[in-house]
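Okay, structure first, notes after.
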Amino acid sequence: MRTSTLRGTTIALALVLSGACVAAGALPAFAGTDPNPVVQNTTGWGQGPVTPVQSGASGLTASAMAPTISRSTVIERADTWVGEGLQYSWTDSHDGYRTDCSGYVSMAWNLGASLTTDTFAGQGVTETIGKDDLKAGDALLNDNSGATGHIVLFHKWVDTAKTQYWGYEFTSSGVHHRVIDYPYYPGYGTFVPVRNKSVVDDVTKPASGKVFDRTRSTAGAWSTATKIDDNAAVTAISASGLKDGSMHVQSLVNGKVYDRTRSTADSWSSATLIDENGSIKDIASAALPDGSLHVLTLVNGDIWDRTRSAAGAWSSAVKIDDNGSLVDLSAAVLPDGTLHVQSLVNGDIWDRTRSTAGAWSSAVKIDDNGSIKGLAASGLKDGTLHVQSLVNGDIWDRTRSTAGAWSSAVKIDDNGGIKSLSSGSVADGTMHVQAVVNGDVWDRKMSTAGTFSSATKIDDNGSILASYATGLPDGTFHVGTIA
């Protein structure tokens with residue numbers, strides 16, 4: 001259900017490698033990678049001291065225990081500084097990070113401080129690796145201190161010969177994404193490949209598919225699936241039922257979000273583009289009692305919120321979580337009008353609340369399991385909130401009481417082979433949790449007394465990738481799938 005797209009930005013190779021944390025001296029020959037080199041002013045080379053992240057950035061600890069971050073997210077973060085016209089400085093900052101070579105890589109790695117070339121290893125952040133081990137998000141490091149050190153973020157090899165690579169670096173001429181000779185140009189010291197211990201490989205994402213919707217009647221009968229989107233490039237879905245009886249389904253295609261409406265007469269509208277960011281990795285949505293709809297998106301490890309008013313007008317997106325390392329999200333609304341958004345970081349779940357006045361609380365950790373791979377959430381009409389987590393192919397359920405207290409997690413499905421999950425509440429006070437196993441969808445019901453039924457297979461397609469779930473005011477319940 002989750003996808004990751006590297007946003008490639010090619011900067012003209014005419015940009016010169018002047019000094020970035022490297023000793024002043026004659027510039028080397030560029031082996032054809034810089035056809036029109038221009039010698040830059042050599043003043044300002046080097047790097048500032050270790051600098052804590054300033055307000056507005058992640059605030060995470062720069063250590064071996066730093067939160068995990070995917071390789072694609074590292075590249076996406078590095079790409080955000082390219083073309084911004086930033087000036088190289090030992091003392092200035094941007095996005096909370098020092099604007100020099102090591103500050104730039106610290107930002108891309110989402111560290112809690114702008115480290116220096118001679119402190120990455122000492123702080124427990126990096127370890128030395130072999131040339132053939134290099135992957136996107138690793139780095140080439142000259143660990144000398146001050147003006148004689150330098151670091152380049154590795155993106156990808158130019159070809160199978162592995163004599164040149166695409167790298168991201170901050171030099172005195174700016175931030176560049178360009179081809180560099182391996183390991184670096186002669187005359188600039190010794191460079192070795194290193195890896196941030198907290199950078200992890202991207203999880204293999206399922207292929208895209210089309211969207212189908214299936215209805216459970218108030219009597220408990222499931223309809224056959226209806227195709228509502230035949231795009232075949234949908235990679236994530238979410239859905240919410242509004243108080244007027246309509247239903248909105250969001251589809252993620254090429255990092256953009258489209259919204260489609262089901263009327264009370266059971267007719268589906270065409271899809272409308274509501275977010276053209278292009279780098280969105282995941283979506284969630286929730287409808288409030290006032291008739292508004294919130295669509296949450298995950299971009300570069302941060303969460304953005306976009307609102308559709310009861311009148312149908314879409315607001316601009318507002319960032320509500322700038323952690324930078326989030327990998328999954330879910331959302332649910334309570335009868336009192338509060339909105340809860342859950343995020344997954346380092347296998348733990350954090351919950352953030354939007355009050356009825358529209359104010360967002362700080363995030364609170366509600367599950368520190370450390371091995372959670374997916375999540376879903378549902379708000380019930382009794383005022384409780386349920387959050388489900390996927391751990392080792394099993395589903396666990398955790399309840400927030402009307403007083404705001406979180407229970408311990410209870411295992412509700414020990415299948416061991418679950419790949420994706422969703423959940424939704426029904427007007428009668430029950431909740432349904434869906435599990436995708438071997439491309440099929442199984443549905444499990446929680447009664448108003450809190451008892452879970454056995455799982456029932458409701459879709460044996462065999463190629464289902466992910467699902468959504470939502471209830472409507474008339475008591476019907478919808479489960480959608482990507483297949």
Side-chain angles (χ1 to χ4, degrees), residues 1-3 205-242 245-254 256-274 280 282-287 293 295 330-331 374 376 378 388 390 395 417-426 431-445 455-472 474-483:
M1 172 173 181
R2 321 296 177 206
T3 61
K205 307 300 180 182
S208 59
K210 303 176 182 180
V211 182
F212 296 79
D213 182 76
R214 184 182 298 268
T215 308
R216 181 184 185 273
S217 71
T218 54
W222 288 95
S223 71
T224 55
T226 300
K227 186 189 296 182
I228 64 171
D229 195 324
D230 62 356
N231 183 288
V234 178
T235 53
I237 49 176
S238 60
S240 292
L242 275 61
S246 64
M247 183 173 80
H248 284 253
V249 174
Q250 298 79 41
S251 302
L252 183 62
V253 180
N254 297 326
K256 302 178 182 181
V257 180
Y258 293 80
D259 181 73
R260 186 181 299 268
T261 307
R262 178 188 179 272
S263 72
T264 54
D266 195 21
S267 63
W268 289 94
S269 72
S270 300
T272 301
L273 179 62
I274 63 171
I280 298 169
D282 195 16
I283 50 177
S285 67
L293 171 67
V295 175
S330 59
S378 294
Q388 296 82 38
L390 182 61
I395 298 178
I418 299 168
K419 301 299 183 183
S420 179
L421 75 165
S422 62
S423 70
S425 60
V426 185
M431 178 177 71
H432 287 253
V433 178
Q434 296 75 42
V436 177
V437 183
N438 296 327
D440 302 329
V441 178
W442 294 73
D443 179 73
R444 188 180 296 268
K445 177 182 175 181
T456 302
K457 186 185 289 188
I458 62 171
D459 197 320
D460 61 357
N461 179 286
S463 300
I464 294 169
L465 308 173
S467 62
Y468 66 66
T470 190
L472 298 184
D474 64 3
T476 59
F477 185 70
H478 286 252
V479 172
T481 56
I482 301 176

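Here S238 contributes atom OG and D259 contributes atom CG; the two are 8.5 Å apart, rounded to the nearest 0.5 Å. Summarising the geometry, atom OG1 belonging to T235 is positioned 8.5 Å from atom CG belonging to D282; distances are rounded to the nearest 0.5 Å. With rounding to the nearest 0.5 angstrom, the OG1 atom of T470 is 8.5 Å from the NE2 atom of H478. The distance from the NE2 atom of H248 to the CD1 atom of I274 is 9.5 Å, given to the nearest 0.5 Å. The OG1 atom of T226 sits 9.5 Å away from the CZ atom of F212 when rounded to the nearest 0.5 Å. Distance check: T264 OG1 to L472 CG gives 10.0 Å after rounding to the nearest 0.5 Å.
Considering only heavy atoms from C-beta on, V436 stays 4.5 Å or farther from Q434 through its side chain. Looking at V479 and I458, their side chains come closer than 4.5 Å, going by heavy atoms from C-beta outward. In this structure, I280 and V257 have side chains that are in contact, with non-hydrogen atoms separated by less than 4.5 Å. With contacts defined as side-chain heavy-atom distances shorter than 4.5 Å, the pair S251/I237 qualifies. L273 has its side chain within reach of K256: a pair of non-hydrogen atoms, C-beta onward, lies under 4.5 Å apart. With contacts defined as side-chain heavy-atom distances shorter than 4.5 Å, the pair Y258/Q250 does not qualify.
Y468 is linked by a ring pair (Phe, Tyr, Trp, His ring centres under 6.0 Å) to nothing, counting only residues two or more places apart in sequence or in another chain. For K457, the salt bridge (Lys or Arg N to Asp or Glu O under 4.0 Å) partners at least two apart in sequence or on another chain are D440. Residues passing the side chain to side chain donor-acceptor pair (under 3.5 Å) test with S330 are Q342, sequence neighbours excluded. Residues meeting the side chain to side chain contact (heavy atoms under 4.5 Å, CB included) test with S240, sequence neighbours left out: S285, A287, L293. D474 pairs by the side chain to side chain donor-acceptor pair (under 3.5 Å) definition with T476, not counting sequence neighbours. In terms of the salt bridge (Lys or Arg N to Asp or Glu O under 4.0 Å) criterion, R216 has no residue partners (sequence neighbours excluded). The side chain to side chain donor-acceptor pair (under 3.5 Å) check on S267 picks up S263, with sequence neighbours excluded. For R214, the side chain to side chain donor-acceptor pair (under 3.5 Å) partners at least two apart in sequence or on another chain are D459. With sequence neighbours left out, the side chain to side chain contact (heavy atoms under 4.5 Å, CB included) criterion links A331 to A284, A286, L296, L339, V341. For L390, the side chain to side chain contact (heavy atoms under 4.5 Å, CB included) partners are I395, I418, L421, not counting sequence neighbours.
Taking a 6.0 Å sphere around CG of N231, one finds it holds more than 12 heavy atoms contributed by other residues, nucleotides or ligands.
Taking both residues in full, the closest heavy atoms of A469 and F477 are given as CB-CZ, 3.6 Å, listed atom of the first, atom of the second, then distance. In terms of heavy atoms, A232 sits closest to S208 at O-OG, 2.9 Å.
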Does the side-chain contact (heavy atoms from CB on, under 4.5 Å) test come out yes or no for W268 and M247, once each step is laid out?
CA-CA 9 Å; W268 289 94; M247 183 173 80; 3.2 Å; yes
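At least one donor-acceptor pair closer than 3.5 Å links the side chain of S217 to the backbone N or O of A219.
Listed by first and then second residue, the salt bridge (Lys or Arg N to Asp or Glu O under 4.0 Å) pairs involving residues 223-235 are D229-R260 (not counting sequence neighbours).
Defined by atom type and a distance below 3.5 Å, a donor-acceptor pair is present between the side-chain atoms of S378 and S423.
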